[in-house]
Amino acid sequence: MKLKKWIQIGLIAVLILPLSACGITSSKQKNASSRPKPTKVIKTPIEDTQFMMGTVVTLRIYNKGKDKVLDGAFKLLKSEAKKITVNQKGSEIDKINAAAGKHPVTVSKDIYPMIKAAYYYSENSDESFDLAIGPITSLWHIGFSDAKVPTKQEIATNVKLVDYRQVKLNDKKRTVYLKKKGMQLDLGGIAKGYMTDQVKTYLLDHGVSTAIIDLGGNIYVLGDSPKGTKSGNWTVGIQDPKASRGTAIGSLPAKNMSIVTSGIYERYLKKNGKVYSHLMDPQTGAPYQNNLMGVSIISKKSVDGDVLSTATFDKGLRSGMKYINSKADQGIGAIFITKDKKVYVSDNLKKKFTLFGDDGYKFGPTSDLK
């Protein structure tokens, strides 16, 4: 049996609301009771695919007559992308980085919560994630034409500037200040997840009950599958981290859930026969070095999945699985894939996940986790 390609209703290959854990809420979010009643669910979606933020974005709405809502969702994404994209004229992140070591910068109401969420995760991931990773990502610049392998001295110099503790936030004034000259924010590890959640809220606020949100592999399945299954679940494919988007190694049922996959083959630099991943360790200033090839995070909020799919690479298989299992009460689970094609599933997903067994993928022994 060949690797499955998931592209139809309820079969999505992979790889919310703003962060409640740190007290972030959206001023634009409506109370659920005040939302308009959803229109009829249809089997053939209203959909569009556009290229933005360096990735392919696809939105599918399964409620009748929501063409304008689809257009509005893309306008929302484009507006926020302009504000957070580094090295783009008018970007709020660029303004913050340019003012490093000089003065605080006031940011907009919709971007400040994203930065605050990134700070929260920097503080609560045991330094596996750092929103101030910019000096390192810009140094390597993997995924761009000028990507390079920096010298040890360049890495040593730039990694000293990676420290979320030197990022000062002022909630009352809505300002961000980088205390040291040369510091840079990089929200690449959280932006797609946060924006996925924003789109989900926007759709709900405009009478959409059933949809698929796909921001370059950050998947959110909203509502009941239009297939009309008894459980209402969609069947979601778990991305093969070594293959193109849309190739799955297995599947699991999901509804009102996010699925995010990070893999070392997603973006990389090949130099002198060696492959360097775009996933950077904020402690060493270099790509993570362990046996992990890919991590898929299943969560209620896409912002959680986006950050955790990156942060778990720093911890490796054993510590990463322990970290994820400790978050089961938050509805968070994970599927780890190693370079030798072994698959490991968090405790709360073991009865749900189905491994296809194609192309040599097999479940790894539990002894590897001890």
Side-chain angles (χ1 to χ4, degrees), residues 1-4 6 13-15 121 124-129 189 217 219 233 235-243 247-254 257-266 268 274-284 286-300 304-370:
M1 183 170 62
K2 295 181 178 180
L3 281 168
K4 306 295 190 298
W6 305 97
V14 299
L15 75 97
Y121 282 103
N124 288 273
S125 65
D126 298 323
E127 301 184 6
S128 295
F129 176 87
I219 306 292
N233 286 326
T235 300
V236 181
I238 298 302
Q239 173 70 30
D240 181 347
K242 202 172 182 178
T247 304
I249 66 157
S251 67
L252 53 77
M257 296 293 283
S258 164
I259 305 91
V260 180
T261 296
S262 285
I264 61 175
Y265 289 92
E266 189 175 17
Y268 60 89
K274 188 173 182 179
V275 176
Y276 299 88
S277 167
H278 75 292
L279 298 170
M280 295 289 162
D281 186 339
Q283 304 303 308
T284 66
Y288 294 116
Q289 296 295 323
N290 55 45
N291 195 37
L292 290 178
M293 180 165 64
V295 178
S296 293
I297 303 292
I298 292 79
S299 58
K300 295 178 181 178
D304 290 335
D306 207 0
V307 172
L308 293 174
S309 67
T310 300
T312 47
F313 266 90
D314 178 61
K315 301 179 184 301
L317 177 61
R318 293 180 185 178
S319 296
M321 184 63 81
K322 183 178 180 181
Y323 181 57
I324 293 299
N325 279 332
S326 72
K327 296 180 178 297
D329 61 342
Q330 300 174 41
I332 295 172
I335 296 167
F336 292 74
I337 304 172
T338 58
K339 294 175 182 176
D340 54 357
K341 294 190 174 181
K342 292 179 182 178
V343 179
Y344 303 82
V345 184
S346 61
D347 293 342
N348 59 351
L349 297 179
K350 286 182 178 179
K351 293 182 179 180
K352 299 179 180 179
F353 177 69
T354 299
L355 179 65
F356 298 148
D358 297 328
D359 202 29
Y361 286 97
K362 298 179 181 180
F363 285 117
T366 55
S367 58
D368 290 347
L369 301 175
K370 297 179 180 178

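The residues of the chain are indexed from 1 along the displayed sequence.
Residues Phe356 and Ser251 form a side-chain contact, since some pair of their non-hydrogen atoms from C-beta on lies under 4.5 Å apart. Residues Glu127 and Pro282 form no side-chain contact, since every pair of their non-hydrogen atoms from C-beta on lies 4.5 Å or further apart. When side chains are defined from C-beta on, Leu355 counts as touching Ile249, because their heavy atoms get closer than 4.5 Å.
For the ring-ring contact (aromatic ring centres under 6.0 Å, His included) test, residues two or more places apart in sequence or in another chain that qualify with Tyr276 are Trp140. Scanning for side chain to side chain donor-acceptor pair (under 3.5 Å) contacts around Ser128 gives Asp314, Lys315, with sequence neighbours left out. Among residues two or more places apart in sequence or in another chain, the side chain to side chain donor-acceptor pair (under 3.5 Å) test is passed with Ser277 by none. Partners of Lys242 under the salt bridge (Lys or Arg N to Asp or Glu O under 4.0 Å) rule, at least two apart in sequence or in another chain, do not exist in this structure.
Looking at every heavy atom in both residues, Val260 comes nearest to Ser309 through CG1-OG, 3.8 Å. Counting all heavy atoms, side chain and backbone alike, Ile337 lies closest to Pro241 at CD1-CD, 3.5 Å. Annotation for Asn290 and Lys339: closest pair O-NZ, 2.9 Å, computed over non-hydrogen atoms. Summarising the geometry of Ala248 relative to Gly237, their closest heavy-atom pair is CB-CA, 3.9 Å, with the distance given to 0.1 Å. Pairing each heavy atom of Thr310 with each of Ser262, the nearest pair is OG1-OG, 3.9 Å. Among all heavy-atom pairs drawn from Asp281 and Tyr288, the shortest one is CA-CE2, 3.3 Å.
Environment of NZ in Lys322: sparse, with no more than 12 heavy atoms of neighbouring residues, nucleotides or ligands closer than 6.0 Å.
Within the model, atoms CZ of Phe129 and CZ of Phe313 stand 14.5 Å from one another, a figure rounded to the nearest 0.5 Å. Expressed to the nearest 0.5 Å, how far CG of Asn348 lies from CZ of Phe353 amounts to 13.0 Å. Atom CD1 in Ile259 sits 6.5 Å away from atom CD1 in Ile238 (nearest 0.5 Å). The NZ atom of Lys300 sits 14.0 Å away from the CD1 atom of Ile298 when rounded to the nearest 0.5 Å. Atoms CG and CG, on Asp340 and Asn291 in that order, are 5.0 Å from each other to the nearest 0.5 Å. The distance from the CE atom of Met280 to the NE2 atom of His278 is 8.5 Å, given to the nearest 0.5 Å.
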Without placing hydrogens or testing angles, list every side-chain donor-acceptor pair under 3.5 Å for residues 363-370, not counting sequence neighbours.
residue: Asp368; atom: OD2; partner: Tyr344; partner atom: OH; Å: 2.4

Distance-only check: which donor-acceptor pairs under 3.5 Å involve side-chain atoms of residues 324-335, not counting sequence neighbours?
residue: Asn325; atom: OD1; partner: Asp347; partner atom: N; Å: 3.0
residue: Asn325; atom: ND2; partner: Met321; partner atom: O; Å: 3.4
residue: Ser326; atom: OG; partner: Tyr323; partner atom: O; Å: 2.5

